[in-house]
Each structure stands twice: as C-alpha cells, then as structure tokens.
Number of protein chains: 2
Amino acid sequence: MTIDHRAVTIYDVARHAHVSVATVSRVTNGQKVREDLAKRVLASVAILGFRPNRTAQRLRLTTSHLWALIVPDFENSFFTRLARGLEQICLPRNTCVFVGSSDDDPQKERHYLDVAIAERVGGVVIAPASDATDLSGLTEAGIPVVIVDRSLPDNRYDTVLTDNFAGGALAANYLTSAGYRKTVCIAGSPNPTSEKRLEGFAATVNKTGLLDIAKVKYGNNRIEGGYTAIRQLLEEGIVFDSVFVTNNLMTIGVIKALDDWAALSRDNIGFVGFDLNEIPLLAGKRIASIDQNPHEMGRLAGERIIFQQQQSDAAAELFEFAPKLGGLSWKL
Amino acid sequence: MTIDHRAVTIYDVARHAHVSVATVSRVTNGQKVREDLAKRVLASVAILGFRPNRTAQRLRLTTSHLWALIVPDFENSFFTRLARGLEQICLPRNTCVFVGSSDDDPQKERHYLDVAIAERVGGVVIAPASDATDLSGLTEAGIPVVIVDRSLPDNRYDTVLTDNFAGGALAANYLTSAGYRKTVCIAGSPNPTSEKRLEGFAATVNKTGLLDIAKVKYGNNRIEGGYTAIRQLLEEGIVFDSVFVTNNLMTIGVIKALDDWAALSRDNIGFVGFDLNEIPLLAGKRIASIDQNPHEMGRLAGERIIFQQQQSDAAAELFEFAPKLGGLSWKL
DNA sequence: TTGAAAGCGCTAACAG
DNA sequence: CTGTTAGCGCTTTCAA
C-alpha cells in the first residue's frame, strides 16, 4: 500500500476557492483582499487543511523562521535557561531554533555553523568555542549573529555578556569577607570568559592583600573537569580553605571530589562558583554563587537578531550585564 | 552602504567550471562524473565557497535534514540527555534538530507540531504533553514520528519507553526492604507514564502488605510542583516516613520543601524518585533513584526515524527499556 | 556521460 | 483589487 503524501499546496486552495494563487498568498499573509474572496479562501484553507510550506517560503524570501543556537554544552542549565529566554522572543514570531552543542570542539562548532549557513537560517546566537571561531561565513551570507556568554577578540558582532571581571571581583570579596585566607582557583579551559573572571578575582585579591591564591588549575568546564582538577591539587598536597571556580558544572565536580576525599571535610571549605542558582538544591548551601541572568541574556540576544534583520548595517553593540552574589543563606 | 549578500549558487559554480548545473549537482552529491570535470567542479566549489542551499534541496527532495524534538520541558536534564542521544544519530548524517518545549501545554505543543509540518521536517521525536496529542497531521504529511517517554493510547506510532510499571515496583521494593512503612506518593499531573509508575508502585505495595500508602498527591512535574505537593501534605498533618515521586524535578522540590519544614528532619525520610542520576550531587545521597537511560532512548528514537524514512509503511513497534535502581550509596 | 529544462511551493512584480 | 507569471536554488528526468 502506497499513500500519496503530497501536501496541500497553494494551488489546491486557489482551485478550490476559485481564485488565483496570488490571492491565496495575500490572504494567508494578511494583506488586503476583497471581503468575499478572503472568506472563500479562508474556508478552502480550513477544508483542505492547507499549511504554507516554509521551505518554499524561505527559498523565495530573504528572511527565515528558523534560527540556530550554538552553545558549548546544551546539557548545561545555564544554556538551557538561555534557550528559554530566546524562545520567548521566537515563539510569538512563529520561529523555531535548532540547537547545536559544540562541546568546546572547534570542529564540531564549525559543523553546526556550516549547517546554519546551508539552512539559510534567519539568525545565529552563539557562545563561541574559542577565540578562533570564524563567523565570517555567516556575515557573508547576510545572516544576523549575536554572541553570548563569551566575547570574540574583534568586536565585530553584537555581544551579550556578563561583566565577568566584576564577577570575579565579587567572588574574591565574598571569600575575603567570609574570613577565608588561602584559596585555589579552578578555571575553564582557556577562554575569554574564564580569563576575565580569573583576572577580576586576582585583581581584587591583590588589592585587599588578605587572601592568598595557592594555585590555579584548569578544567574542561564539565563536572569531571572540576573533579579531576581539584583532585590533582589535593594529591599535590596543596593546602587551602576555599575554592573559586569559574563555571557551574565544575563546581559540582569540585564538591563531589571533596566529598570523596576522606582526609578533608567539605564543611570547612568555602566555595564560590558561577550560576549555581540554576543547579537545584545547591543554592542555599554553604556555597556562594555569582549569578548571571541567562534568561535575560537569551531574550536580548533574540531581540538583537530581530533588530539586525531589520537593519542589516547596524553597528555592533556590546551589552554587559552586572553579575550578582547569591546563594549564601546557610550558616556562614 | 549596502552589500549584496546573494550567496554562491550552483549556477555560479557551473559557469566558473564551464559545466552544466546538473554536473555540479552530481559532483556535490557524489555521483559518477568524468574525472576531469569533477576536478574542475571541486576546484570551483572551493574557490567560490559554494554550499548547497538546503532550503532549495528540501523543496525539491522529499527528505529533509531538519528534524524536530518536542518535549515537555527542555530544561529537564532527562530530556537534554535524550537530546544528546538523538544528536549522536543526527551528527554523522548532517542533520540538525529544532527543539520545542511544550511545557505540558497542549496548545504550545500544537504550535510546535504545526511548525514541524510547515517546515516539512524529516522526522519528529515527541514526548506527548497529553493523551489527546494529535499526531495525525504528521502522518498525513508523511513525516516519520517516534514517541518517547510517554505512550499514546492508540499504538499507531513507534514508541520508545521505559517499563514504568516495573519502575514503580522497583521503587516500592526499595522502600519496603529499607524498612520504611508509611509512604506518600507525589505523581505527575495525569499522564500515562506517571500513572504506570504509580500503578506499579501500588501493586507491589499491595502484594507485600508491608508498606502503607498514606496519600497520593499530584504536581506539575517541575520543582515547584513537588514542593507545593509535599508542602500541602505536611500542612494537612499527614505522617509518613518516606516519599515516592514519579519524576526527577519534583523530587528536588520535595527535598527542598522538607529542608524548609523545620518540624521534620530530612535525614529521617526515605526518598525514591526517577532519573535522579542525571541531577548532579543528588545521586549518592540517602536517596534512591529509578534510572532510565535517556541517552539510549534518544539514540533509538533517531534510528527509528531513519528506519521509517527508508520504509514508510513499516508497522509501529514498541520498545521498552528496563529501569534500574540506583543512587543508594549513602548510609542506608 | 553530460546538458537542457521542468518543476518543487511560494511571493512579488507587473499587467489588467 | 486581482490574476498571470517569473524565479528563488536545487534535483532529476529526458535527449543528445
């Protein structure tokens, strides 16, 4: 048994309603059409179950209702939250977004970028995997781009960031005023965002002179990254009373590792990480969090895509949000 | 300044390589073409930076490299993990997937389904928001469908599930053998998956006769759902020594609520929920988890989409995974 | 083998 | 205001 799956087209509707395809197109696009004709068209649309084929629309038009979101890790709650913010912009506009997880792998990221270009998406929101991420192909194809979470060296694109330097400073001030004196830092595999956080932290530490940075270690921004990094420090016999971690998942790893390390009680260690408020049950413990607002960042990114669609020669702008200190409720 | 963003087309390549567009098409699609012509085409492709326009391809072909994943909550780690499994199938096939979060709202789900049809996607993987979810539009459009996580009343579609009844039974056995005697259940807003888990739990409880179900309460499958549900039970003065929750995020809410409820120590309560292994730092505490394998489920769903693409009249199959008891490591 | 040309479904000139 | 028609970029018969 073979079923003919050919979908209802604008021609079917035109024939059924005894009008031209142009009229059908006008009606479905909300343009002015004589009352009775519009009625007939609408009726036929309903009867036949016509849905405009977006593929055909996209081929014809310059704008697309499909966007791309490319992030380092779409299992990270920071990015899923950001996706929510983006959705808020997309939903009422009837657009959908395909999401790619680069896993901080430039090649995988390149793949998704190529797909985005091949799909002629209407816009790309991306948290670049590295400084070397090349977005020129998008620009050449006239595709709006917004960078989120991590900036790129040349500020040629709209960028939505948190003030990461300030975030690092916030973290240092927290540890200092909470009475900690010797800290270790776990940073993400080199990327501008992690660097800035580290810089802000170090600058503040230097200024007050009360806190000592025993060591800095790098990890892969995922749970295991934090786990192995702190594990190595412990095995090296480094002594510390607090930990500063530049990302959320690595903080989990750090805490796990300390729970596993019999020689030390986690209760005596101070933790400060980023975006832990998105991690259920973690916020509200003896852990401080430097919180961004990923939902708002996603929203803004979406708005900038729209803006660029309407004004393709707009100058790139940088939007920087202020981070907040949170998650301190438990017996300090 | 206005830039001409017209992308390189197959015609540009044809002209540049002094061949016909058909030849270019054949080369880029790996068909047999005379050696020297192929060389010329490939060179031109590289020089001009030609990338086939997928929109045009899709309009012409019947198959699409864009799929849809529609889930109740794309911030839930169970579904992001499932998305990973799906990605494993899509990546090597050069296909991408747009994801929609229905938020258990039939209308929002309908919207994403309509978008999927309008986009003429190559396949839809969906965890239905309710029994009333209508997938017939997809079938009519000849779009392969795979249902995951929750089944639909009529078994007309490929379905990838965990044996939820067995999962509930596992949970009951755990609580019983851990010595608990009076439990409350927090279930998801009525859906077949939650029901089955509850049924499995109740059936086992009845069989052994050792455990008593004090009350069943329903929540919205998110953190607040669990929080308010257990909160109400506490306020009603229900007494219990353990809690069975049919979903992961609600378990978080339950634990949070108990932490907030001064009159009770969380340490004396036994918890068993689903998929808590995906929740960082939760697994390994005095909490048991009935674990599914969302990654594998996503993979299988993807494979079934491919299968249906190749064999459109294949009979629907049901795939049921066995759940596992996990997360018991901490002082029982 | 290769090329010319039709056509996927839609929108937007253009003509009436 | 409505209809006719070209054409978006691609694949695929069909002829050469």
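This is a predicted model, so every value here is computed, not measured. In what follows, chains carry the letters A, B, and so on, assigned in the order in which the sequence lines appear, proteins first and then strands, with residues in each chain numbered from 1.
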Charged N-O contact under 4.0 Å between A/Arg58 and B/Glu119:
yes
Check whether any side-chain nitrogen or oxygen of A/Arg54 sits under 4.0 Å from OP1 or OP2 of C/dC10, and answer yes or no.
no
For residues 13-32 of chain A, the salt bridge (charged side-chain N to carboxylate O under 4.0 Å, His left out) pairs (sequence neighbours left out) are A/Asp12-A/Arg15
Looking across every strand, which nucleic acid part, if any, lies under 4.0 Å from B/Leu59 by heavy atom: base, sugar-phosphate, or nothing?
base
Within residues 13-26 of chain A, which residues have any heavy atom lying less than 4.0 Å from an atom of DNA chain C?
A/Ala22, A/Ser25, A/Arg26
Check: D/dC10 base within 3.5 Å donor-acceptor of B/Tyr11 side chain
yes
pair B/Val125-B/Ile70: side-chain heavy atoms closer than 4.5 Å
no
Send over the distance from A/Asp12 CG to C/dC8 P, rounded to a whole Å.
11 Å
What nucleotide, of C/dT1, C/dG9, D/dG9, holds the atom closest to the side chain of A/Thr9?
C/dG9
Decide, yes or no, whether a salt bridge links B/Glu87 with B/Arg81 under the criterion of side-chain N to carboxylate O below 4.0 Å.
no
Between D/dT12 atom P and B/Lys32 atom NZ, what is the distance in whole Å?
18 Å
What is the distance from CG of A/Leu48 to C1' of C/dG9, rounded to the nearest Å?
15 Å
Decide whether a cation-pi geometry holds between A/Arg84 and B/Phe74; the criteria are a distance under 6.0 Å from NZ or CZ to the six-membered ring centre and an angle within 45° of the ring axis.
yes
To the nearest angstrom, the CD-P distance between A/Gln31 and D/dT2 comes to 11 Å
Closest listed nucleotide, where the reference is the side chain of A/Arg34 and the choices are C/dG9, C/dA12, D/dC1
D/dC1
Rounded off to whole Å, could you give me the CZ-to-C1' distance for the A/Phe50 and C/dG9 pair?
8 Å
Testing C/dC10, C/dT2, D/dC10 for proximity to the side chain of B/Val33, the answer is C/dT2
Identify whether the distance between the nearest side-chain nitrogen and carboxylate oxygen of B/Arg54 and A/Asp114 falls below 4.0 Å.
no
Electrostatic pair B/Glu35-B/Arg40, nearest N-O below 4.0 angstrom
no
Rounded off to whole Å, could you give me the CG-to-P distance for the B/Leu61 and C/dG9 pair?
12 Å
Length of the line joining A/Ile10:CD1 and D/dG3:P, which is rounded to integer Å:
12 Å
Could you give the CG-to-C1' distance, from A/Asp36 to D/dC1, as a whole number of Å?
11 Å
